[in-house]
Number of protein chains: 2
Amino acid sequence: MPLQFADRLNNVETSAIRELFKLLGKPGIISFAGGFPDSAMFDVDGIRAASNAALDQEPGAALQYGATEGYQPLREQISAFMTSKGAAALAPENLIVTTGSQQALDLLGKTLISPGDKVIVEGPTFLATIQCFRLYGAELISAPIDADGVQTDVLEQLIAEHKPKFVYLIPTFGNPSGALLPLDRRKKVLELAVKYNTLVVEDDPYGDLYFGEAPPPSLLALSAQVPGSRDLLAHCGSLSKVLSPGLRVGWLVAPPELLAKATMCKQFSDAATSTFAQATAAQYLKAGRLPGTLTRMRAVYAERAQAMGDALRKDLGQAIAFVQPQGGLFVWARLTGAGGKVADGNAFAKRAIEKGVAFVPGTPFFCAQPDSATLRLSFATADVEKIREGVARLAQAL
Amino acid sequence: MPLQFADRLNNVETSAIRELFKLLGKPGIISFAGGFPDSAMFDVDGIRAASNAALDQEPGAALQYGATEGYQPLREQISAFMTSKGAAALAPENLIVTTGSQQALDLLGKTLISPGDKVIVEGPTFLATIQCFRLYGAELISAPIDADGVQTDVLEQLIAEHKPKFVYLIPTFGNPSGALLPLDRRKKVLELAVKYNTLVVEDDPYGDLYFGEAPPPSLLALSAQVPGSRDLLAHCGSLSKVLSPGLRVGWLVAPPELLAKATMCKQFSDAATSTFAQATAAQYLKAGRLPGTLTRMRAVYAERAQAMGDALRKDLGQAIAFVQPQGGLFVWARLTGAGGKVADGNAFAKRAIEKGVAFVPGTPFFCAQPDSATLRLSFATADVEKIREGVARLAQAL
């Protein structure tokens, strides 16, 4: 008799793009598929210095079990970092450290979702969010986006109709959309939270990676301007895209009662995030190196984004439509079918692999009504020359 | 309107001993309460060298996202370590790295437990296991222990009666019992797994911390002798008690299908365990320092266990009963009430705090039918002198 697994596993399947990723090992492949930062840009010296400082100054604490809420010096550094970005009056006690922001999503699911509960997400949204919430039995509702992110008028209708447990958004340089939600829509989202007494979860791993002007304030920062909204807002942050994903350091800001329940759930999920990684991150932030690292990253990603946009316009022309991203890691594009070219993202992805370039087709990012003409192209890990070569291969595949 | 949390939270409450731990900050308290190793014994130099080697030799990999299954060089080191302890033919692919063994428990719960499923655990067992499984809706059944661990004849009756989803055991120096399951009972457990087609989960964080002779082989190692049992066995291991809890490096060995499902669940729990911590652990194991560290730890904990046992016999005499532990971190004791002394562990814990010594009363470790006369005393973190002073205070409190 085979093992009988939990019913909740019936709600998910292993990600379709994992299969795609197995092909990435092929020699000579240029990859626009990843969702990660460029390893070549990690501040290895800074991280080595930080980790040695942690082991020199606080070896007992850095190697011992830590509080489930997080290592206090890191909570203090994160709270200062968030305050510097406009989140007024954010005390260390208003956040907990999580094992990457993926764990913050998992804790929100565990804490809030009973089987059958509805959750509204953007269509498209982060693939692992869809799977994570479905594992807890959520029924996901797709809120459509346009070039400016989620359409708040449709979002309001969906909230009114479905009375969701919460709304999950990536308002700043979304994954996969790359879209930037403008200030007026941000305010509208917070007003909807209050009007419908609905929790909003803001996932913000990319907000620091802007190329020109800084984006509008996060929902967390803006909540001070919309009375009552702060009590209905959770915010997930992460060092993965700006410092190192390998540290697995993220955080969750939430109203006190929710934060207490999430902490209890975390106690039984992994007891605590690696204190060694947390102490290293705290020393890194304390050393004041992050602003310099961010400046460097922004410049490199801005150059690559521009190169990708230029090459796509030049080589694929009318066959593809996209909005030039103002930050983040991704170009979200749509095949137009112009000139009788291929208009299906999945078919295009297979042809592209044969030509030696990889990307992720758009359909897996939709929890419902997938737009099969879409695709996600990451410009983060290939240099400008590789980006041009990769786009040229895309053009051949098309 | 307050937030409405998931139904699963109704099954648990924040641990009673968390409240106790808040009192530990009182100046001058001698603590026998913790479940952690002594920070003073961490091999800080070895870990610093390992972390620097990781950043020098493989910075990109050590700081990037890693495979959900774990960092391959670490999986190889763990597989070699487990093989050296008798787990024949354990390939790196037979295990995944987890964020501490707490996450292995969480993944087993997420993968296997549907609300209402029955799980058999020892009475008493690890507190966070009880809460972790209850969060997934498990109904826990308590299998009684004696000085030699779980009573396998009663266990068989309970398996036959309840047909549990799985049986969870800590066979080697259990927490809180400190008990060592003898070879014949180990074989019997594996035979029961096969006879009743029941999955057995072996949690083994303490097996390397023996004071005299090495304990009998783990269930995992023994499974080669009981045909069919390996397919019905999961094994949780950890570096937390032997190297550093702050790395949060544990592992799960399980049959292929279960391991694949657990990996999928881990993908949406925290994506991967810190690759920085994993690469550090891999370099540490590769450097061959663990055997020396273990020898040193065994000697120190053996001395402390002896000192605690001697002091308890001398100062508390007939008022307390316990089996001298042969390994691990804990003395599990029972108040006899002899001479009219206090016989309730909770009342005794309160009096003890007033006298300046802390321990954990036994009742929270039972999922049912608690024995209120029991208590858990850790000898791991206080030195011999403090242990004698602490036991003297216990005698006053009694």
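Residue numbers begin at 1 in each chain, while the letters A, B, ... track the order of the sequences. Fair warning: this is a prediction, and the values are worked out from it, not measured in the lab.
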**Student:** Can you find a pair of side-chain heavy atoms, one from Leu105(B) and one from Cys236(B), that are under 4.5 Å apart?
**Tutor:** yes
**Student:** Is it the side chain or the backbone of Tyr65(B) that comes within 4.5 Å of chain A heavy atoms, both, or neither?
**Tutor:** both
**Student:** Using non-hydrogen atoms only, which part of Tyr71(B) is less than 4.5 Å away from chain A: side chain, backbone, both, or neither?
**Tutor:** neither
**Student:** Check each atom of Leu135(B) against the heavy atoms of chain A and say whether the ones under 4.5 Å are side chain, backbone, both or neither.
**Tutor:** side chain
**Student:** Would you mind telling me which of Ser274(B), Ser244(B), Cys132(B) has the largest number of heavy-atom pairs within less than 4.5 Å of chain A?
**Tutor:** Ser274(B)
**Student:** Could I get the full list of side chain to side chain contact (heavy atoms under 4.5 Å, CB included) partners for Ser229(B), not counting sequence neighbours?
**Tutor:** Leu190(B), Val194(B), Ser223(B), Val226(B)
**Student:** Check each atom of Leu63(B) against the heavy atoms of chain A and say whether the ones under 4.5 Å are side chain, backbone, both or neither.
**Tutor:** both
**Student:** Could you tell me whether the side chains of Ser51(B) and Ser51(A) share a donor-acceptor contact shorter than 3.5 Å?
**Tutor:** yes
**Student:** Based on non-hydrogen pairs under 4.5 Å, which of Asp231(A), Leu107(A), Leu247(A), Asp117(A) is most in contact with chain B?
**Tutor:** Leu247(A)
**Student:** Count the heavy-atom pairs under 4.5 Å between each of Ala277(B), Ala279(B), Ala272(B), Ala40(B) and chain A, then report the option with the highest count.
**Tutor:** Ala272(B)
**Student:** Output the distance between atom OG1 (Thr273(B)) and atom CZ (Arg248(A)), rounded to the nearest 0.5 Å.
**Tutor:** 9.0 Å
**Student:** Can you tell which part of Thr280(B) gets under 4.5 Å to a heavy atom of chain A, answering side chain, backbone, both or neither?
**Tutor:** side chain
**Student:** May I ask you to decide if the ring planes of Phe276(B) and Phe276(A) are parallel, tilted or perpendicular, using 30° and 60° as cut-offs?
**Tutor:** parallel
**Student:** In terms of heavy-atom proximity below 4.5 Å to chain A, should Asp45(B) be classed as side chain, backbone, both, or neither?
**Tutor:** neither
**Student:** By salt bridge (Lys or Arg N to Asp or Glu O under 4.0 Å), which residues pair with Lys110(A), not counting sequence neighbours?
**Tutor:** Asp106(B)
**Student:** Atom CG of Leu108(A) and atom OG of Ser101(A): how far apart are they, to the nearest 0.5 Å?
**Tutor:** 10.5 Å
**Student:** How far apart are the C-alpha atoms of Leu239(B) and Trp251(B), what are their side-chain angles, what is the distance that settles it, and do they pass the side chain to side chain contact (heavy atoms under 4.5 Å, CB included) test?
**Tutor:** CA-CA 9 Å; Leu239(B) 293 180; Trp251(B) 56 91; 3.8 Å; yes
**Student:** Select one option (side chain, backbone, both, neither) describing which atoms of Ala271(B) are under 4.5 Å from chain A's heavy atoms.
**Tutor:** both
**Student:** Looking at Arg8(A), Arg48(A), Gln103(A), which makes the most heavy-atom pairs under 4.5 Å with chain B?
**Tutor:** Arg8(A)
**Student:** Below 4.5 Å, heavy atoms only, C-beta onward: do Gln131(B) and Phe126(B) meet side chain to side chain?
**Tutor:** no
**Student:** Using a 4.5 angstrom heavy-atom cutoff, name the option from Ile47(B), Leu243(B), Leu55(B), Thr98(B) with the most pairs to chain A.
**Tutor:** Leu55(B)
**Student:** Using a cut-off of under 4.5 Å on heavy-atom pairs, state which of Thr129(A), Asp38(A), Asp56(A) scores highest against chain B.
**Tutor:** Asp56(A)
**Student:** Would you kindly say whether Asp43(A) and Tyr284(A) are connected by a side-chain donor-acceptor distance under 3.5 Å?
**Tutor:** yes
**Student:** Using heavy-atom distances under 4.5 Å, tell me whether Lys241(B) contacts chain A through its side chain, its backbone, both, or neither.
**Tutor:** side chain
**Student:** Side chain from CB out, backbone as N, CA, C, O: work out which of these in Tyr136(A) comes under 4.5 Å of a heavy atom of chain B, or both, or neither.
**Tutor:** both
**Student:** Can you say whether Phe42(A) sits under 4.5 Å from chain B via the side chain, the backbone, both, or neither, judging by heavy atoms?
**Tutor:** side chain
